Peer 1: 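Input: one structure, supplied below.
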Amino acid sequence: MTAALSAHELIARHRSTLDQALEAIRTRAYWSPHPEHPKAYGENGSLDAAAGKAAFDALLGTRLDLGQPGTDDWVGGETSPYGIDLGVTYPHADLDVLLPAMKAGQRAWRDAGAEQRAVVCLEILKRISDRTHEFAHAVMHTSGQAFMMAFQAGGPHAQDRGLEAVAYAYVEQVRTPDNAEWTKPQGKRDPLAMTKQFTPVPRGIGMVIGCNTFPTWNGYPGLFASLATGNAVLVKPHPRAVLPLALTVQVAREVLAETGFDPNLVALAAERPGEGIAKTLALRPEIRIIDYTGSTEFGDWLEANARQAQVYTEKAGVNTVVVHSTSDYKGMLSNLAFSLSLYSGQMCTTPQNLLVPREGISTDQGPKSYDEVVADLAKSVDGLLGDDARANALLGAIVNPDVKARLEAAAGLGEVALASREIANPDFPGAVVRTPVIVKLDGAKPDAEAAYMSECFGPVSFAVAVDSAADAAELLRRTVREKGAMTVGAYTTDPEVEQDVREVCLEEAAQLSLNLTGGVYVNQTAAFSDFHGSGGNPAASAALCDGAFVANRFRVVEVRREA
C-alpha cells in the first residue's frame with residue numbers, strides 16, 4: 001500500500017506533541033494541545049461552529065459507508081435524547097469475513113515500531129480535533145449531554161485521554177531496547193557473547209465496547225492504547241450512541257490508508273436491534289483485549305467468561321462524599337450542587353451518597369444541623385437551576401427511560417428534601433429534562449441501606465444521616481469495598497478525620513478529593529494529571545490512564561543469537 005504520508009513527515013509533524021505528552025504524564029502538570037473553547041476552531045483546516053453544525057446536519061439520514069469487508073447489511077435506529085431521529089445507517093459485519101481481514105494488517109503495523117504507531121495515532125487525533133464541532137453535535141445527540149459539555153468532554157477532553165493512552169503505550173514499549181549486546185566473562189576462556197533483539201508484539205484484536213453516556217471520552221483510551229501497542233481494534237458502539245465512534249473509525253481508517261497501513265486495522269461492529277453481538281464477540285478467539293464501560297452485570301460477565309482476552313472494565317460504583325466540617329460553607333454547597341446537577345448526574349463519577357453526622361457539622365457560618373445542611377444544599381441546587389436556560393445548559397437530557405424510571409422511584413425511598421421538576425427545552429421540545437432529587441435517609445435503619453448501598457445512576461442523591469465521623473469513615477470503607485467507587489469526596493477541617501478518610505481511600509484504592517469549594521469538581525478529572533478510577537476496587541478493573549492500562553496489551557518477544 002502506497003503511503004501519501006511518510007513516517008518521516010508524521011514524526012516531524014507530531015513528535016514534539018508526543019514529547020510534551022510524555023513530559024505531562026511525568027510531571028502531572030496541566031497541559032493540553034486541544035483547545036476547550038469553541039471559538040478556537042475555524043483555522044488551519046479545523047471546522048468552525050457553523051461548518052461543524054453543517055457537517056453534522058449533512059450526516060442525518062445518510063448511509064455511513066466505511067468501506068469495510070464483510071458488510072452484509074445496513075443497520076441504524078439512533079434517536080437523540082433531544083427528540084431527533086438521526087436516521088444514519090452503518091455497515092453490519094459478517095464477523096467471519098471482517099475479523100480475518102483485520103488480522104491481515106497486523107504484521108506491518110507491528111513491524112512499524114512504537115514511534116511510528118504513536119505518530120499515526122496522533123494524526124488520527126489531530127484530524128478528529130479539527131472536526132470537534134461536528135463530533136460535539138454527534139455526542140450531544142447520542143448521549144443527551146448539553147452542547148458545551150458534549151463539545152468539551154466529547155471533544156478535547158476525550159482527545160486528551162486518547163493522547164494520554166498513546167503516551168503511556170509509547171513509554172511501556174520503549175522501556176526495553178530494540179537490541180542488546182550481551183557478554184558474560186568466563187575467566188580464562190573466551191567470554192560468552194550474544195546479540196539479542198526485543199520486539200513488542202500485539203496480543204491480537206482489541207475490542208472497545210462503547211457506552212451511551214460518554215462514547216468518545218470512555219472509548220478513546222482503550223482504542224488508542226490497543227492501536228498504539230500494535231493491535232487491530234474493533235469498535236462495538238452502544239446501539240444508542242453509534243455515530244461518534246463510527247466517525248472515529250472513519251477517520252482512523254482514512255489515516256491508516258494514507259500512511260501505508262491496512263485500514264482494516266480499525267473497524268466498526270454495529271448491530272441490529274436486540275442482536276447483542278458484544279457477548280458473541282467477547283468469546284471469539286480472535287478478540288484478545290476488551291475495553292468495556294457500562295453496567296456491573298455485563299462487566300462481571302466479561303471478566304468471568306472472556307477468558308481468552310485481557311479485560312479492562314469500568315463498571316458501576318456508589319460514589320460517596322463525607323460531609324464533616326468546612327471553612328467555606330457557601331463554597332461547599334455551591335460545589336456540591338454543581339456536581340449533583342452536571343449532565344443530570346449521568347456520570348460514573350457523580351456523588352450519590354452524602355454522609356452527614358446526625359448532630360450536624362461545624363462551618364464558618366456556625367454550627368449547622370443535619371436538616372439545615374440538607375435544606376441548604378437543596379436551596380443551592382434550586383438556585384443553580386432556577387433559570388431554565390442555565391438549567392438546560394447544565395442538565396442536558398435524560399439519556400434513556402431507565403434513568404427516568406429510577407429518578408421517579410427515588411422519591412418513594414425516603415423523605416424528599418429536594419423534589420425533581422420537569423424543565424422544557426425550547427430548542428428541543430422532545431427532550432426529557434429533569435432536575436435532581438435529594439432524598440434523606442437514616443443510615444442506622446436497615447430499610448434505608450438497600451437504597452444507599454445500591455447504585456442509582458442518574459440525578460438521584462441520598463443525604464445519609466450517620467452517628468459520627470468515625471461511622472462515616474466505616475460506612476465509606478464498606479461501600480467502596482463492597483460496591484466500589486469511582487470517586488470519593490470529603491469536607492473536613494479536622495486533621496484526624498481527614499487522615500481517617502484518606503486511610504480508607506488508600507486501603508480500598510479509591511480516588512479522593514478533599515474540600516473542593518471552587519471550580520474543580522469531584523466528578524471531573526484532567527487527563528495527563530488525574531487518574532480516573534484506580535483498578536483497585538469493584539467499580540473498575542483499570543485506571544485511565546496508567547502503565548498497567550497499556551503494558552499487558554503487548555508482550556515482548558526476544559530473538560537471540562551468538563555474536
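All values reported here derive from a predicted model rather than from experimental measurement.
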Peer 1: Going by heavy atoms in the side chains, are Lys483 and Arg478 under 4.5 Å from each other?
Peer 2: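 Lys483 vs Arg478: side chains apart.
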
Peer 1: To the nearest 0.5 Å, what is the distance between CD1 on Ile128 and OH on Tyr220?
Peer 2: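 The OH atom of Tyr220 is 3.5 Å from CD1 of Ile128, to the nearest 0.5 Å.
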
Peer 1: Under 3.5 Å, which donor-acceptor pairs do the side chains of residues 336-346 form with other protein atoms, sequence neighbours left out?
Peer 2:
from   : atom 1 : to     : atom 2 : distance (Å)
Ser339 : OG     : Asn335 : O      : 3.1
Ser339 : OG     : Asn523 : OD1    : 3.3
Ser341 : OG     : Ala337 : O      : 2.8
Tyr343 : OH     : Ser143 : O      : 2.6
Ser344 : OG     : Leu395 : O      : 2.8
Gln346 : OE1    : Val399 : N      : 2.8
Gln346 : NE2    : Tyr343 : O      : 3.3
Gln346 : NE2    : Ala397 : O      : 3.1

Peer 1: May I ask you to decide whether Lys53 forms a salt bridge with Asp57, counting only side-chain N to carboxylate O separations under 4.0 Å?
Peer 2: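 Looking at Lys53 and Asp57, the cut-off is met.
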
Peer 1: Tell me if the centroids of the rings in His137 and Phe147 come within less than 6.0 Å of each other.
Peer 2: yes

Peer 1: Looking at Asn515 and Thr492, would you say the former's side chain and the latter's main chain have a donor-acceptor pair under 3.5 Å?
Peer 2: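 At least one qualifying donor-acceptor pair exists.
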
Peer 1: Take Val235 and Thr248, measure what side chain to side chain contact (heavy atoms under 4.5 Å, CB included) needs, and give me the verdict at the end.
Peer 2: CA-CA 9 Å; Val235 178; Thr248 302; over 6 Å; no

Peer 1: Which heavy atom of Gly484 sits nearest to which heavy atom of Pro538, and what is that distance?
Peer 2: CA-CD, 3.7 Å

Peer 1: Check whether any side-chain N or O of Asn319 sits under 3.5 Å from a backbone N or O of Gln352 as a donor-acceptor pair, and report yes or no.
Peer 2: no

Peer 1: Got a second to check how far Glu474's CD is from Leu476's CG, nearest 0.5 Å?
Peer 2: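 The CD atom of Glu474 sits 9.0 Å away from the CG atom of Leu476.
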
Peer 1: Just wondering, more than 12 heavy atoms not from Arg358 lying within 6.0 Å of its CZ?
Peer 2: yes

Peer 1: How about Ile361 and Val323: do any of their side-chain heavy atoms sit closer than 4.5 Å?
Peer 2: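 The answer is yes, as the side chains (C-beta and beyond) meet within the 4.5 Å cut-off.
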
Peer 1: Would you call Asp376 and Lys379 a side-chain contact if the rule is heavy atoms closer than 4.5 Å?
Peer 2: yes

Peer 1: Without hydrogens or angle criteria, can the side chains of Ser380 and Ser334 be said to hold a donor-acceptor pair below 3.5 Å?
Peer 2: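 Their side chains do not contain a donor-acceptor pair, so the 3.5 Å distance test is not met.
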
Peer 1: To the nearest 0.5 Å, what is the distance between CE on Met207 and CZ on Arg284?
Peer 2: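 Here the interatomic distance stands at 11.0 Å.
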
Peer 1: Please report the shortest heavy-atom distance between Asp160 and Phe528, naming the atom on each side.
Peer 2: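 Distance-wise, the nearest heavy atoms are O-CZ, 3.5 Å.
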
Peer 1: Between Ile423 and Asn392, is any pair of side-chain heavy atoms under 4.5 Å apart?
Peer 2: yes

Peer 1: For the atom pair CE (Met347) and CG (Asn218), what is the distance rounded to the nearest 0.5 Å?
Peer 2: 9.5 Å

Peer 1: I'd like to know if the side chain of Ser226 and the backbone of Leu223 have a donor-acceptor N/O pair within less than 3.5 Å.
Peer 2: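 Looks like no, no N/O pair under 3.5 Å.
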
Peer 1: Given Thr517 and Tyr329, is the side chain to side chain donor-acceptor pair (under 3.5 Å) satisfied, shown in steps?
Peer 2: CA-CA 8 Å; Thr517 57; Tyr329 187 59; over 6 Å; no

Peer 1: If the condition is side-chain contact (heavy atoms from CB on, under 4.5 Å), which residues does Glu408 pass it with, not counting sequence neighbours?
Peer 2: Lys404

Peer 1: Salt bridge check: are Asp364 and Lys330 linked by an N-O gap of less than 4.0 Å?
Peer 2: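 So Asp364 does not pair with Lys330 through a salt bridge.
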
Peer 1: About how many Å separate OH of Tyr168 and CG of Asp546, when rounded to the nearest 0.5 Å?
Peer 2: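 Between Asp546 CG and Tyr168 OH, I get 6.5 Å after rounding to 0.5 Å.
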
Peer 1: For the pair Tyr452 (side chain) and Asn353 (backbone), establish whether a donor and an acceptor sit closer than 3.5 Å, ignoring hydrogens and angles.
Peer 2: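 Looks like no, no N/O pair under 3.5 Å.
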
Peer 1: Without hydrogens or angle criteria, can the side chains of His157 and Glu36 be said to hold a donor-acceptor pair below 3.5 Å?
Peer 2: yes

Peer 1: If you measure from the Lys or Arg side-chain nitrogens to the Asp or Glu carboxylate oxygens, is any gap between Arg240 and Glu78 under 4.0 Å?
Peer 2: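 No.
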
Peer 1: When you measure from the side chain of Asn400 to the backbone N and O of Val403, does any donor-acceptor pair fall under 3.5 Å?
Peer 2: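 Yes, because the side chain of Asn400 sits within donor-acceptor range (under 3.5 Å) of the backbone of Val403.
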
Peer 1: Contact between Asp427 and Tyr82 at the side-chain level, heavy atoms closer than 4.5 Å - yes or no?
Peer 2: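 The answer is no; the side chains never approach within 4.5 Å.
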
Peer 1: Give the minimum heavy-atom separation between Ala410 and Val437, together with the two atoms involved.
Peer 2: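 Looking at all heavy atoms of both residues, the shortest contact is CB-CG1, 4.1 Å.
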
Peer 1: Does the pair Arg553/Asp291 count as a salt bridge with the N-to-O cut at 4.0 Å?
Peer 2: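 Here Arg553 pairs with Asp291 in a salt bridge, since their nearest N and O are under 4.0 Å apart.
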
Peer 1: Check the pair Thr487, Leu512 against side chain to side chain contact (heavy atoms under 4.5 Å, CB included), reporting the backbone distance first and the verdict last.
Peer 2: CA-CA 6 Å; Thr487 59; Leu512 172 64; over 6 Å; no

Peer 1: Regarding Lys315 and Glu303, does a basic nitrogen lie under 4.0 Å from an acidic carboxylate oxygen?
Peer 2: yes

Peer 1: When you measure from the side chain of Gln511 to the backbone of Gly533, do you find a donor-acceptor pair of N or O atoms at a distance under 3.5 Å?
Peer 2: yes

Peer 1: Quick one: does Phe549's side chain get under 4.5 Å of Tyr312's, heavy atoms only?
Peer 2: yes

Peer 1: Which heavy atom of Ala472 sits nearest to which heavy atom of Val322, and what is that distance?
Peer 2: CB-CG1, 4.0 Å

Peer 1: When rounded to the nearest 0.5 angstrom, what distance separates CG in Leu355 from CG in Asp471?
Peer 2: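 The CG atom of Asp471 is 10.0 Å from CG of Leu355, to the nearest 0.5 Å.
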
Peer 1: Thr349 side chain to Gln524 main-chain N or O, any donor-acceptor pair under 3.5 Å?
Peer 2: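 Such a contact is absent between Thr349 side chain and Gln524 backbone.
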
Peer 1: Work out which heavy atom in Val374 is nearest to a heavy atom in Ala463; give both atom names and the distance.
Peer 2: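 What the structure gives for the nearest pair is CG2-CB, 3.6 Å.
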
Peer 1: If we ignore angles and hydrogens, is there a donor and acceptor under 3.5 Å between the side chains of Glu314 and His532?
Peer 2: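 The answer is yes; a qualifying pair exists.
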
Peer 1: Does one side chain, of Asn552 or Gln310, offer a donor that lies under 3.5 Å from an acceptor on the other?
Peer 2: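 Checked: Asn552/Gln310 side chains pair up, N/O donor to acceptor below 3.5 Å.
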
Peer 1: Run the side chain to side chain donor-acceptor pair (under 3.5 Å) check on Gln159 and Thr132 step by step: do they pass?
Peer 2: CA-CA 9 Å; Gln159 296 151 21; Thr132 292; 3.1 Å; yes

Peer 1: Report yes if the distance between the aromatic ring centroids of His324 and Tyr491 is under 6.0 Å, otherwise no.
Peer 2: no

Peer 1: Would you say the side chains of Thr320 and Arg477 form a donor-acceptor pair under 3.5 Å?
Peer 2: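 Result is no, nothing qualifies.
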
Peer 1: Apply side chain to side chain donor-acceptor pair (under 3.5 Å) to the pair Ser541 and Thr313, showing each step before the final yes or no.
Peer 2: CA-CA 5 Å; Ser541 67; Thr313 61; 3.0 Å; yes

Peer 1: So do Val75 and Glu271 actually touch side chain to side chain, heavy atoms under 4.5 Å?
Peer 2: no

Peer 1: With distance as the sole criterion, is a donor-acceptor pair present between the side chains of His92 and Glu275 under 3.5 Å?
Peer 2: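 Judged by distance alone, the side chains do pair up.
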
Peer 1: Identify the heavy atoms of Pro351 and Val321 that sit nearest to each other, and give their distance.
Peer 2: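 Taking every non-hydrogen atom into account, CB-CG2, 3.7 Å.
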
Peer 1: For the residue pair Phe56 and Leu86, establish whether any side-chain heavy-atom pair is separated by less than 4.5 Å.
Peer 2: yes

Peer 1: Go through the steps for Thr142 and Val242 under the test side chain to side chain contact (heavy atoms under 4.5 Å, CB included), then give the verdict.
Peer 2: CA-CA 8 Å; Thr142 50; Val242 182; over 6 Å; no

Peer 1: Counting N and O atoms only, with roles assigned by atom type, does the side chain of Thr435 sit under 3.5 Å from a partner on the main chain of Arg421, one being a donor and the other an acceptor?
Peer 2: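 Confirmed, Thr435 side chain pairs with Arg421 backbone.
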
Peer 1: Run Phe224 and Arg161 through side chain to side chain contact (heavy atoms under 4.5 Å, CB included) and show every step you take.
Peer 2: CA-CA 9 Å; Phe224 285 100; Arg161 283 298 185 188; over 6 Å; no

